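All values reported here derive from a predicted model rather than from experimental measurement. Order of listing sets the numbers, starting from 1, for every ligand and every atom in it.
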Amino acid sequence: MDLKTFCRDLPKIELHAHLNGSLSRSTMLHLKRFYADSGLEDNTNAFFDEFQIGAGDCRNLSDCFQVFSIAHALTSTPEALAMATTLTLQEFHSDGCCYIELRSTPRNTQYMTKEQYVDTIVHCMQKSSIHLSMLSRLIISINRSYPVSEAEAIADLAIESYKKYPDVVVGMELSGEPTVGKFQDFVPALTRARNAGLKITLHCGEVCNPEEILEMIKFKPGRIGHGTCIHPKLGGTDDTWSALCTSKIPVEVCLTSNVNTKSTPDYESHHFKYLYEAGIPMIICTDDKGVFTTSLSQEYRICAETFSLNQVKVARLALEACQYIFAEDVQKTLKNKVQDFINKYCLSQ
Ligand SMILES: CNc1ncnc2c1ncn2[C@@H]1O[C@H](COP(=O)(O)O)[C@@H](O)[C@H]1O
Ligand SMILES: [Zn+2]
């Protein structure tokens with residue numbers, strides 16, 4: 001089987017995907033059609049083409065945070081949000097994803113409250129499980145550039161939602177512009193959520209900030225996102241690297257996101273190789289497949305090509321990812337699914 005087909009057919013686990021960053025061009029066009037047909041104001045025309053950030057783009061990580069407002073403008077009603085969620089889940093499913101933890105930041109809009117925002121996504125996930133052979137779970141996001149009081153309100157909502165939908169809501173995470181806000185300010189909200197049973201994942205080391213990286217590792221999150229600047233050769237220190245190696249916290253690796261935001265100069269210099277050599281658990285993820293025009297199978301293929309991994313090694317990445325999902329009750333089922341694929345297609349290798 002050629003690598004592209006192999007990476008698409010391999011049952012894959014997505015653990016780091018922001019809903020509003022995952023909207024494909026086709027989904028965005030569906031949303032624009034919906035806004036037009038419903039007579040809702042759509043002010044995205046002038047900058048619609050700025051939503052996607054490719055490799056040769058001159059925008060950097062900080063510029064990326066402007067583009068999410070384009071998606072936000074098109075997911076402001078419950079119907080549009082439902083459409084965005086359903087189409088995005090379908091796309092992950094068509095790309096061979098068998099389990100996804102989608103994450104999103106609840107927002108009050110002119111048309112819905114934060115509670116309705118969460119309810120809408122949860123209902124789409126429940127409905128999708130009837131039609132798709134893919135399980136989906138929700139991680140509720142806190143944006144570090146918002147006031148701490150907002151994070152506290154989102155923690156309350158996450159705890160309530162977890163009680164209401166224990167089969168869907170699995171975790172809470174910290175994301176947003178990494179140069180804004182202080183991690184320590186969000187520790188009380190994150191701790192409350194964790195004490196209530198939610199799993200935690202943190203965007204960590206997306207920019208150079210060794211002090212914060214050490215604080216985050218000490219917090220012992222279930223997983224971290226990116227981890228770009230933890231190795232001493234990539235903006236980290238001996239202390240940050242040894243803290244990660246000792247803790248063995250699984251890292252959600254987003255290759256194209258890091259290259260397109262210029263957090264990493266190119267695929268070859270990506271920290272994947274250091275993590276792989278050090279035996280640190282990793283999960284290949286997309287981050288914002290719409291903004292960065294990628295897919296989960298493309299991320300697996302790029303990883304295989306860049307780091308010369310054969311198909312058995314690529315499949316092992318998917319198999320190992322099953323251990324790090326937040327919904328522990330389905331880990332075994334997923335492992336069996338990936339293992340069956342390996343037995344069928346990799347035995348001769
Ligand atoms: C590129 N690297 C990144 N680093 C940090 N945070 C990011 C991100 N990519 C996306 N987000 C976070 O996800 C939100 C969009 O999805 P939701 O509205 O929540 O569904 C962004 O506003 C930002 O807070
Ligand atoms: Zn992210």
Side-chain angles (χ1 to χ4, degrees), residues 14-24 27-28 31 51-55 57 59-76 80-85 87-89 100-109 112 114 117-118 120-122 124-125 136 138-146 150-151 154 157-158 171-181 183 186 201-207 209 212 216 221 223-229 251-264 283-294 296 299:
E14 171 65 80
L15 300 183
H16 188 137
H18 302 269
L19 174 60
N20 280 285
S22 298
L23 309 185
S24 63
T27 297
M28 295 281 272
L31 293 170
F51 186 63
Q52 289 170 326
I53 298 181
D57 204 290
R59 285 173 287 180
N60 59 22
L61 179 60
S62 151
D63 300 326
C64 285
F65 294 94
Q66 318 298 324
V67 310
F68 297 111
S69 59
I70 307 171
H72 289 159
L74 294 170
T75 54
S76 64
L81 179 65
M83 193 181 274
T85 307
L87 292 172
T88 302
L89 291 176
I100 181 167
E101 285 174 13
L102 196 60
R103 53 184 76 189
S104 197
T105 324
R107 313 188 312 270
N108 285 331
T109 74
M112 65 183 153
K114 285 201 272 282
Y117 188 98
V118 172
T120 302
I121 297 179
V122 168
C124 290
M125 290 182 156
S136 45
L138 178 63
I139 295 176
I140 295 180
S141 304
I142 290 177
N143 187 328
R144 58 184 291 160
S145 64
Y146 291 172
E150 176 69 7
I154 290 189
L157 173 59
M172 197 165 87
E173 70 112 16
L174 183 69
S175 52
E177 163 105 61
T179 54
V180 181
F183 168 63
F186 299 100
T201 171
L202 305 172
H203 278 65
C204 173
E206 211 178 356
V207 292
N209 188 347
E212 184 178 272
M216 286 184 166
R223 302 192 302 254
I224 59 170
H226 298 295
T228 325
C229 307
V251 182
E252 302 151 358
V253 167
C254 311
L255 290 148
T256 298
S257 165
N258 297 155
V259 171
N260 288 13
T261 60
K262 296 170 193 62
S263 312
T264 307
I283 310 101
I284 303 292
C285 302
T286 55
D287 204 12
D288 299 292
K289 75 174 182 61
V291 172
F292 302 124
T293 331
T294 190
L296 189 54
E299 293 302 297

Quiz item: Of the non-hydrogen atoms in Thr201 and Gly225, which two are nearest, and what is the gap between them?
Solution: OG1-N, 4.2 Å

Quiz prompt | Min side-chain heavy-atom separation Cys229-Asn209 under 4.5 Å | solution = no

Practice problem: Please indicate whether any nitrogen or oxygen in Phe68 is less than 3.5 Å from any nitrogen or oxygen in ligand 1. | Solution: no

Practice problem: Considering the heavy atoms of Asp288, write down every atom of ligand 1 situated less than 4.0 Å from one of them. | Solution: 1 (C), 8 (C), 9 (N), 10 (C)

Quiz prompt | N/O separation below 3.5 Å, Thr261 to ligand 1 | solution = no

Self-check item: Heavy-atom nearest neighbour in the protein, as seen from atom 3 (C) of ligand 1, with distance rounded to 0.1 Å
Solution: Glu206 OE2, 3.4 Å

Quiz item: Which atom pair, heavy atoms only, marks the closest approach of Asp63 to Arg59?
Solution: OD2-CA, 3.3 Å

Exercise. Go through ligand 1 atom by atom and flag the ones less than 4.0 Å from a non-hydrogen atom of His72.
Key: 18 (O), 22 (O)

Practice problem: Return the set of protein N, O or S atoms whose distance to the Zn ion (ligand 2) is under 2.8 Å, each given as residue and atom. | Solution: His16 NE2, His18 NE2, His203 NE2, Asp287 OD1

Quiz prompt | Side chain, backbone, both or neither: the part of Glu177 lying under 4.0 Å from ligand 1 by heavy atom | solution = neither

Practice problem: Measure the distances from the heavy atoms of Arg144 to every atom of ligand 1 and state whether one is below 4.0 angstrom. | Solution: no

Practice problem: Please confirm whether Ser141 comes within less than 3.5 Å of ligand 1 when only nitrogen or oxygen atoms on both sides are compared. | Solution: no

Exercise. Find out whether Phe292 and Thr286 are in side-chain contact, i.e. whether some heavy atom of one side chain is under 4.5 Å from a heavy atom of the other.
Key: no

Quiz item: Backbone, side chain, both or neither: what part of Asp287 comes under 4.0 angstrom of ligand 1, heavy atoms only?
Solution: side chain

Quiz item: Is a side-chain donor-acceptor pair under 3.5 Å present for Thr228 with Glu206?
Solution: no

Quiz item: Which atoms from ligand 1 have a heavy atom of Leu19 less than 4.0 Å away?
Solution: 20 (O)

Exercise. Indicate yes or no: at least one non-hydrogen side-chain atom of Lys114 is less than 4.5 angstrom from one of Glu150.
Key: yes

Practice problem: Please work out whether the ring planes of His16 and His18 are parallel, tilted or perpendicular, with thresholds of 30° and 60°. | Solution: perpendicular

Quiz prompt | Closest non-hydrogen atom pair between Leu15 and Cys285, with its separation | solution = N-SG, 3.7 Å

Self-check item: Shortest protein contact, atom 6 (N) of ligand 1 (heavy atom only)
Solution: Gly176 N, 2.9 Å

Quiz item: How about Thr109 and His72: do any of their side-chain heavy atoms sit closer than 4.5 Å?
Solution: no

Practice problem: Just let me know how Asn143 lines up against ligand 1, side chain, backbone, both or neither, with a heavy-atom cut-off below 4.0 Å. | Solution: side chain

Quiz item: Would you call Glu212 and Arg144 a salt bridge, using N to O less than 4.0 angstrom?
Solution: yes

Quiz prompt | Close N or O approach (Ser257, ligand 1; < 3.5 Å) | solution = no

Exercise. With rounding to the nearest 0.5 Å, note down the distance linking CZ in Arg223 to CD in Glu101.
Key: 4.5 Å

Practice problem: May I ask you to list the atoms of ligand 1 that are less than 4.0 angstrom from any heavy atom of Ser104? | Solution: 17 (P), 19 (O), 20 (O)

Quiz item: When you check the side-chain N and O atoms of Thr88 and Thr85, is any donor under 3.5 Å from an acceptor?
Solution: no

Quiz prompt | Min side-chain heavy-atom separation Leu296-Lys289 under 4.5 Å | solution = no

Exercise. Please report which non-hydrogen protein atom sits nearest to atom 19 (O) of ligand 1, along with the residue it belongs to and the distance in Å to one decimal place.
Key: Thr105 OG1, 2.5 Å

Quiz prompt | Among His18, Gln66, Arg103, closest by any non-hydrogen atom to atom 13 (O) of ligand 1 | solution = His18

Quiz item: Would you say ligand 1 has an N or O under 3.5 Å from any N or O of Asn20?
Solution: yes

Practice problem: Have a look at Leu19 and tell me which of Asp288, Ile139, Leu102 forms a side chain to side chain contact (heavy atoms under 4.5 Å, CB included) with it. | Solution: Leu102

